S.K.: 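What follows is a structure written as structure tokens; I'll ask about it next.
First listed ligand is number 1; within each ligand, the first listed atom is number 1. Since the model is a prediction, treat every value here as computed from it, not as a measurement.
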Amino acid sequence: MIKVSPSILAADPLNMERDVQRMVDAGCDLLHVDIMDAHFVPNLSYGPALAEALHRRFTIPLDVHLMMDNPESYIDTFAKAGAWGITIHAEIPGDVPAMLAHIRELGLNVGLSIKPGTPIEAIRDLLSMVDMVLIMTVEPGFGGQKFQSAMLEKIRTLRAWGYAGLIEADGGVSLANLPDLKAAGLDVAVMGTAMYKSENPARDMEIIHTM
Ligand code: DX5
Ligand code: ZN
């Protein structure tokens, strides 16, 4: 079963509670929280206060995606805010294995992400340290971009290597490309625009859950 992690980036910031409630009512499995620092990506989004408020209000696990150059300074903060899992990027400066080990020590789901231009081979040696690989299927920074189908090969390669952990895709994911993602070996679909702009997210999630 494919799980759905709607990205709050596509919610109306003035109606965050209403929009997230709509996703929860529709049956989402996780809530994807995109944190951007204006350095690692050319955009700014939310901070730990929003994650904490979401955690207080909803029981759905928070899937926190740190698009930051220095996530080491924020891993504890997001853990305290109530994250279920924390995903960092392989392209950042600093000691990525130590950060993954720290997320593990905190008892959280350990995630590692790569941008479209980063070959999957770059993270091969780190796979034993993670619970989830997040394949960026657009250049990180903005919602509403076009899905890059060339990224499907990275998912197939992970499965061909025998990687049995979770694989998540983020960026331009929709009902149109989910059959290919599922066939490649996907477990978790991050969906911003496709879910928040859907006329019937409950129907869409039911279709995805039975894929
Ligand atoms: C980009 C973000 C997203 C995102 C998904 O940095 O991580 O990819 O919120 O949004 P959609 O589904 O609209 O591409
Ligand atoms: Zn994301």
Side-chain angles (χ1 to χ4, degrees), residues 2-13 16 19-20 22-23 26 28-48 50-51 54 60-69 71 74-75 78 81 83-92 103 108-118 123 130-152 154-155 166-178 180-182 186-199 201 204-205 207-208:
I2 299 254
K3 291 189 169 166
V4 181
S5 188
S7 165
I8 56 164
L9 210 56
D12 173 357
M16 185 64 74
D19 283 6
V20 172
R22 194 163 163 258
M23 295 299 121
C28 70
D29 305 280
L30 303 165
L31 288 176
H32 190 77
V33 182
D34 276 317
I35 305 296
M36 303 180 180
D37 69 349
H39 291 269
F40 183 72
V41 289
N43 199 2
L44 271 172
S45 60
Y46 308 110
L50 181 68
L54 287 168
I60 307 281
L62 297 185
D63 167 29
V64 176
H65 178 192
L66 298 181
M67 284 166 275
M68 307 178 71
D69 269 336
Y74 288 89
I75 289 169
F78 280 98
W84 157 83
I86 295 182
T87 297
I88 62 170
H89 268 266
E91 300 88 355
I92 57 173
I103 300 170
L108 305 181
N109 192 74
V110 183
L112 182 62
S113 182
I114 52 169
K115 300 202 276 187
T118 304
I123 61 166
V130 309
D131 300 307
M132 183 168 84
V133 175
L134 192 177
I135 302 291
M136 285 305 309
T137 43
V138 301
E139 204 52 54
F142 300 92
Q145 302 182 71
K146 191 174 174 296
F147 177 77
Q148 298 186 20
S149 53
M151 298 304 122
L152 289 166
K154 293 183 181 176
I155 300 176
L166 295 172
I167 301 179
E168 182 176 55
D170 185 1
V173 176
S174 70
L175 283 175
N177 47 47
L178 270 166
D180 287 344
L181 285 162
K182 165 80 182 167
L186 190 78
D187 301 291
V188 186
V190 175
M191 298 174 79
T193 311
M195 270 305 154
Y196 281 95
K197 302 280 183 271
S198 170
E199 275 170 22
D204 293 351
M205 283 190 214
I207 294 170
I208 297 164

S.K.: Determine whether any heavy atom of Gly144 lies closer than 4.0 Å to an atom of ligand 1.
M.R.: yes
S.K.: For His32 and Asp34, does a side-chain donor sit closer than 3.5 Å to a side-chain acceptor?
M.R.: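 Yes - a donor-acceptor pair under 3.5 Å links their side chains.
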S.K.: One residue to check: Ser7. Relative to ligand 1, which of side chain, backbone, both or neither has a non-hydrogen atom less than 4.0 Å away?
M.R.: side chain
S.K.: Step through the shown structure and confirm whether more than 12 heavy atoms of other residues, nucleotides or ligands are within 6.0 Å of NZ on Lys115.
M.R.: yes
S.K.: Students often mix this up, so state it plainly: with edges at 30° and 60°, are the rings of His65 and His89 parallel, tilted or perpendicular?
M.R.: parallel
S.K.: Nearest 0.5 Å, what's the CD1-CE distance between Ile92 and Met67?
M.R.: 12.5 Å
S.K.: Determine whether the side chain, the backbone, both or neither of Asp34 has a heavy atom under 4.0 Å from any heavy atom of ligand 1.
M.R.: side chain
S.K.: Please walk me through it: do Val190 and Val173 pass side chain to side chain contact (heavy atoms under 4.5 Å, CB included)?
M.R.: CA-CA 7 Å; Val190 175; Val173 176; 5.7 Å; no
S.K.: Counting both backbone and side chain atoms, is some N or O of Val190 under 3.5 Å from an N or O of ligand 1?
M.R.: no
S.K.: Tell me, which protein residue and heavy-atom name are nearest atom 3 (C) of ligand 1, and how many Å apart are they?
M.R.: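 For atom 3 (C) of ligand 1, the nearest protein heavy atom is Asp170 OD1, 3.1 Å.
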S.K.: Kindly check if the number of other-residue, nucleotide or ligand heavy atoms within 6.0 Å of OH (Tyr196) is above 12?
M.R.: yes
S.K.: Could you enumerate the protein N, O or S atoms under 2.8 Å from the Zn ion (ligand 2), written like residue then atom name?
M.R.: His32 NE2, Asp34 OD1, His65 ND1, Asp170 OD2
S.K.: Measuring from non-hydrogen atoms of Ala10 to any atom of ligand 1, is the shortest distance under 4.0 Å?
M.R.: no
S.K.: Run the side chain to side chain contact (heavy atoms under 4.5 Å, CB included) test against Ile60 and tell me which residues pass, sequence neighbours left out.
M.R.: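 Ile60 satisfies side chain to side chain contact (heavy atoms under 4.5 Å, CB included) with Val24, Cys28, Leu31 once adjacent residues are dropped.
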S.K.: Any chance you could measure Leu112, atom CG, to Glu168, atom CD, to the nearest 0.5 Å?
M.R.: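 Answer for the CG-CD pair, Leu112 versus Glu168, is 12.0 Å.
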S.K.: Under 4.0 Å, counting heavy atoms only: does Met36 come that close to any atom of ligand 1?
M.R.: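 True for this residue.
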S.K.: Atom CD1 of Ile88 and atom CG of Asp69: how far apart are they, to the nearest 0.5 Å?
M.R.: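 Separation between the atoms: 12.0 Å.
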S.K.: At under 4.0 Å between heavy atoms, is it the side chain or the backbone of His32 that contacts ligand 1, or both, or neither?
M.R.: neither
